[in-house]
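Worksheet: the structure to be examined is printed underneath.
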Amino acid sequence: MAIGVGAPALGDGDDVALVNAHIQEHHRGVLCCERTPDKGRILRATRAFEPGDVIFTEQALRIVRCEPGHPAFQRLEELCRSSDLDCIPLWYWCALKSLTSDDLGRDHATGVASDGAASDGWEPVSPEVQQRLLILHQGDVEVASEAVAAVAAAFAPGLKEAVKLERCLQAWLLNGFDVLGDDDDDGPAAPGAEQVQPGHATFFLPSFFSHSCFPSAIWHYSSDFSYVLRARRPIREGEEVTISYLDEDILLDHSRLRRNELSRRHFWCDCERCVNGDDLCRSMRCSRCRDGIVVAKLPCTSEGFSLTGAVVVAGVGAVFPDCLLRPLRPAIYDEGWAADLDKWLTIGAPILARKSGRFYDEVRLGSGVAEPQIGWATQHFEEHTNWIGAGIGDDVHGWGADGERGRLWHGGSFEATEWPRGGWREGDVIGCAVDLDSGLMTFSENGIWAPSARFIFSGEGRAFYPAMSLQGNFDLRLDAGAFEWSPPDPSYQPWLCEGRVCTPLDRRAPLRFAFAGATCGSCGAEVDALESARLTDCEQELGHLVDGWAKDEGEISPEGAKHAEQLMVREFARHSLAKRAREKLARLYGLKRKRDLQISCLREIRDFSTEVYPSAPTAAHAWAQSAHSDALAGAATVELRRARGFLEASTSAASAAAAVAVPELAPGGEDGGASAASMFEPVLGKLNLAKDDYEAALQTMSMMFGEEHAWAREVREKYSRSEKLLCEVRQQHAAVVGEGEV
């Protein structure tokens, strides 16, 4: 069985034609597929749609579920356990069940054996279904992985080329939709009923939609697991139709968190909510006036996966448009990467790239430094969203010195070299000097230049910038004021020249400048680099609190809850991290029956979801409205029982005795001075607010998912109950007021 190259089933033009033929045949031509240079295949509307319009409905191309009773699935589970394969068994099962009878061979058994026992085989797919499945994956798959080759050898020995199974697997991994089982949905099956297992589904046309964090459409399952696509905002004729690859709740996270999540699909988002302008989901309070807010900046461009943050360089107030130091491999960078000193990181300053001149910088080695490769990269150095195990000096576009192992790295190979002290240690300062005109790179250790530690190179019009790969922490110094030692001679300039200065940049530097350059909308104060670092430290502090809380919110200590509340009130404005903290606190307060605090948290979440998403409803907003209403209705029900109890006591002949018997019913405390009518008024207020939020949530749910969807029905039932209860309380309140009760 070959493990080599497999030819694609269709050419680039053929697959677009096939998609358009499918749309014409099954969906009345409501969309049109085309290929673009930057995004590949996309879908455009051929007519206008209004919010809530059903664009199309499509049945699954293939649904594959776990089959724990199937002999082949059991063997597959065992193979995955014993061989430590790359994916879980279900993904390989999806790929295997995407093979045709020709792929599997005539000896492949299907169905049930003649003696009634379960067969080791399975039903193959038709060539037409397989053809559609294979064109869902655009990448070039030329060789099967070792894991796929092992699966093919064990379960499809008749397969001529294992690469076809690899292509099937990749199509499922990148286009599979989750299909829930009984345990994921409404609990286990009824006694005697067959257990429904979880699985995955692929759909043909839906797989061609591009992602946007401001999508024009939303999809949901129908009762028969068909894919239903609806417009979530007005769509013009000729406009690209987009969906979100993220859950509705994650759409309200700030840009960096959304991009980290999307990186799992090997995808980098350049939609209008991810580049240029302000990140509305990430704003903090102005430290100067405390009334206004400052909003984090979005990246200026997608080129090079630039992280955000105008860096205000102290001293002269010059502003760089991007973060001075940014991660290159992986470009998807978060607090986890920054804090884990065992992770081997490639980082650099591409914005400083130069084609000529003499430049000097220093790197102070911090704690945990290991396998360092410190030097320079060119503008041709390829950045990657994920870690790939190669760094500075591992290709022809980088040069790196390694004083720990005594090596000079370039082009993926190394030469041995010696250092003045025998090897680098924590606290050493490594000087890096490059003459771009004469093609010479040299290094020093604590001011002593190493004669053998040098590269001879040809610039060839390329632009060079400081870069390094290493484990552990470091300080990169780019201006003369931060240098501890001197360059080879005065002709070497710091990379930051003309009076520009900057504090040493460490492993967290790319995360610290998101707010630099932002302006307070109230007092006009501009955030400098130090203030931006302080604000991001506040983010980190709250993030650690939230991450440290147990899933059981009852485990959150009162001190931890109080500290988080104080931190959010003092520093946070509209921020997705504060939203996540309040979600956990709201559940805690609900368990503790601290209803006012719970309502306050849920109101903040509701308002956040309204303010940060541009001019279109989200399911997350509807869920927030419904949760807020649930808390209001729950609190109103408790207060209503008290009001009715007080009314009953106050109308009895022995009101004084009743007041003694039921003292907690008196709203004014021990004196019981408030009237029953006044006790009904806050109940009415809460029920009115709950009804309004339920009504708004119902409108959104019905528009996005249809009136008969389970989520819409659930909110409709809550709305009806709140409306009925509100009517009863109004009548009772009117009767009490009319009778002029005691």
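Please read all numbers here as calculations on a predicted model, not as lab measurements. Quick note: numbers below take in every heavy atom, side chains included, and nothing from hydrogens, waters or symmetry partners.
- When all heavy atoms of Leu640 and Val683 are compared, the pair lying nearest together is N-CG2, 3.7 Å.
- When the options Pro504, Pro494, Pro466 are evaluated for a side-chain contact (heavy atoms from CB on, under 4.5 Å) with Arg477, the one that passes is Pro504.
- For Glu611, the CD atom counts as densely surrounded, since its 6.0 Å shell holds more than 12 non-hydrogen atoms of other residues, nucleotides or ligands.
- At least one side-chain heavy atom of Met568 sits less than 4.5 Å from a side-chain heavy atom of Leu585.
- Counting non-hydrogen atoms of neighbouring residues, nucleotides and ligands closer than 6.0 angstrom, the CZ atom of Arg290 exceeds 12 such neighbours.
- When side chains are defined from C-beta on, Lys39 counts as touching Glu240, because their heavy atoms get closer than 4.5 Å.
- Using bins of under 30°, 30° to 60° and over 60° for the plane-to-plane angle, the ring pair His575/Phe572 lands in the perpendicular bin.
- Cation-pi contact between Arg326 and Phe513: absent, since separation from the ring centre below 6.0 Å together with deviation from the ring axis within 45° is not met.
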Inset, instruction - Report the C-alpha separation of Arg259 and Asp270 in whole Å, then their side-chain angles, then the decisive distance to 0.1 Å, and conclude whether the salt bridge (Lys or Arg N to Asp or Glu O under 4.0 Å) test is met. - result: CA-CA 9 Å; Arg259 284 178 155 182; Asp270 277 347; 3.4 Å; yes
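- Under a cut-off of 6.0 angstrom, the local environment of CG in Asp38 is crowded, with over 12 non-hydrogen atoms contributed by other residues, nucleotides or ligands.
- Heavy-atom minimum distance, Arg582 versus Cys601: O-CB, 3.8 Å.
- Salt bridge present: Glu714 and Lys718 bring a charged side-chain N and a carboxylate O closer than 4.0 Å.
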Legend entry - Intermediate values then yes/no, side chain to side chain contact (heavy atoms under 4.5 Å, CB included), Ile218 and Glu248: CA-CA 10 Å; Ile218 188 170; Glu248 286 288 296; 3.7 Å; yes
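- Counting heavy atoms from C-beta on, the side chains of Ser576 and Phe608 come closer than 4.5 Å.
- By the 6.0 Å and 45° rule, Arg329 stacks over the aromatic ring of Phe381.
- A donor-acceptor pair under 3.5 Å is absent between the side-chain atoms of His254 and the main chain of Arg282, judged by distance alone.
- Interatomic distance, Cys281 SG to Arg256 CZ, rounded to the nearest 0.5 Å: 13.0 Å.
- Using modelled atom types, no side-chain atom of Asp53 and backbone atom of Ile55 make a donor-acceptor pair closer than 3.5 Å.
- Ion pairing between a basic and an acidic side chain is recognised when a charged N comes within 4.0 Å of a carboxylate O; Glu531 and Arg534 show such pairing.
- Checked for salt-bridge contact, Arg580 and Asp249 meet the test: a charged N lies under 4.0 Å from a carboxylate O.
- Taking the six-membered ring where tryptophan is involved, the planes of Trp711 and Trp623 are perpendicular, since the angle between them exceeds 60° and thus also 30°.
- Between the Arg285 side chain and the Val569 main chain, a donor and an acceptor come within less than 3.5 Å of each other.
- Counting only distance, with no hydrogens or angles, the side chain of Arg273 and the backbone of Cys213 share a donor-acceptor pair below 3.5 Å.
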Inset, instruction - In sequence, state the C-alpha distance, the side-chain angles, and the governing distance for Asp537 and Arg508, and then conclude on side chain to side chain contact (heavy atoms under 4.5 Å, CB included). - result: CA-CA 10 Å; Asp537 285 345; Arg508 281 201 70 235; 2.8 Å; yes
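- Taking SG of Cys286 as the reference point, atom CG of Asp291 lies at 8.5 Å (rounded to 0.5 Å).
- When ring centroids are compared, Phe177 and Trp219 come within the 6.0 Å threshold.
- Comment: Asp279 does not engage Arg574 in a salt bridge, judged by the lack of any side-chain N to carboxylate O separation of less than 4.0 angstrom.
- Between Tyr613 and His621, the closest side-chain pair of non-hydrogen atoms is not below 4.5 Å.
- Shown here for Phe515 and Val527, the closest heavy-atom pair between the two residues is O-CB, 3.3 Å.
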Legend entry - From CA spacing to verdict: side chain to side chain contact (heavy atoms under 4.5 Å, CB included), Leu470, Val369: CA-CA 7 Å; Leu470 74 172; Val369 166; 4.1 Å; yes
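- When all heavy atoms of Leu352 and Tyr465 are compared, the pair lying nearest together is C-CB, 4.4 Å.
- Side-chain N or O atoms of Thr536 include one that pairs as donor or acceptor with a backbone N or O of Ala533 at under 3.5 Å.
- Using a 3.5 Å distance cut-off with no hydrogens or angles, the side chains of Glu239 and Ser216 do not pair a donor with an acceptor.
- Formation of a donor-acceptor pair under 3.5 Å by the Ser629 side chain with backbone atoms of Gln625 is found in this model.
- Distance OG1/Thr346 to CD/Glu383: 10.0 Å, rounded to 0.5 Å.
- Of all non-hydrogen atoms in Cys520 and Gly292, the two that sit nearest each other are SG-CA, 3.7 Å.
- Side-chain N or O atoms of Thr36 include one that pairs as donor or acceptor with a backbone N or O of Gly40 at under 3.5 Å.
- A donor-acceptor distance shorter than 3.5 angstrom exists from the side chain of Ser469 to the backbone of Ile392, with no hydrogens or angles considered.
- Classification of Lys686 and Glu681 as a salt-bridged pair fails, no side-chain N sitting under 4.0 Å from a carboxylate O.
- Between Leu280 atom CG and Leu252 atom CG the span is 11.5 Å, to the nearest 0.5 Å.
- For the atom pair CG (Leu345) and CG (Asn473), the distance works out to 10.0 Å, reported to the nearest 0.5 Å.
- Across Gln471 and Arg507, no two heavy atoms sit closer than the pair C-NH1, 4.2 Å.
- In terms of modelled atom types and a separation under 3.5 Å, the side chain of Thr637 and the main chain of Ala633 share a donor-acceptor contact.
- No donor-acceptor pair under 3.5 Å is formed between the side chain of Arg642 and the backbone N or O of Met679.
- The closest side-chain heavy-atom distance from Arg258 to Cys269 is not below 4.5 Å.
- With respect to the salt-bridge test (charged N to carboxylate O, under 4.0 angstrom), the residues Glu583 and Lys579 qualify.
- Summarising the geometry, atom CD belonging to Glu695 is positioned 11.0 Å from atom OG1 belonging to Thr700; distances are rounded to the nearest 0.5 Å.
- At a threshold of 4.5 Å between non-hydrogen side-chain atoms, the residues Pro51 and Pro234 count as touching.
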Inset, instruction - Evaluate side chain to side chain contact (heavy atoms under 4.5 Å, CB included) for Arg512 paired with Leu505, printing each intermediate quantity in order. - result: CA-CA 10 Å; Arg512 286 198 171 110; Leu505 302 172; over 6 Å; no
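- Counting only heavy atoms from C-beta outward, the side chains of Leu341 and Ser367 approach each other to under 4.5 Å.
- Side-chain contact between Ile599 and His628: present, with at least one pair of heavy atoms (C-beta onward) separated by less than 4.5 Å.
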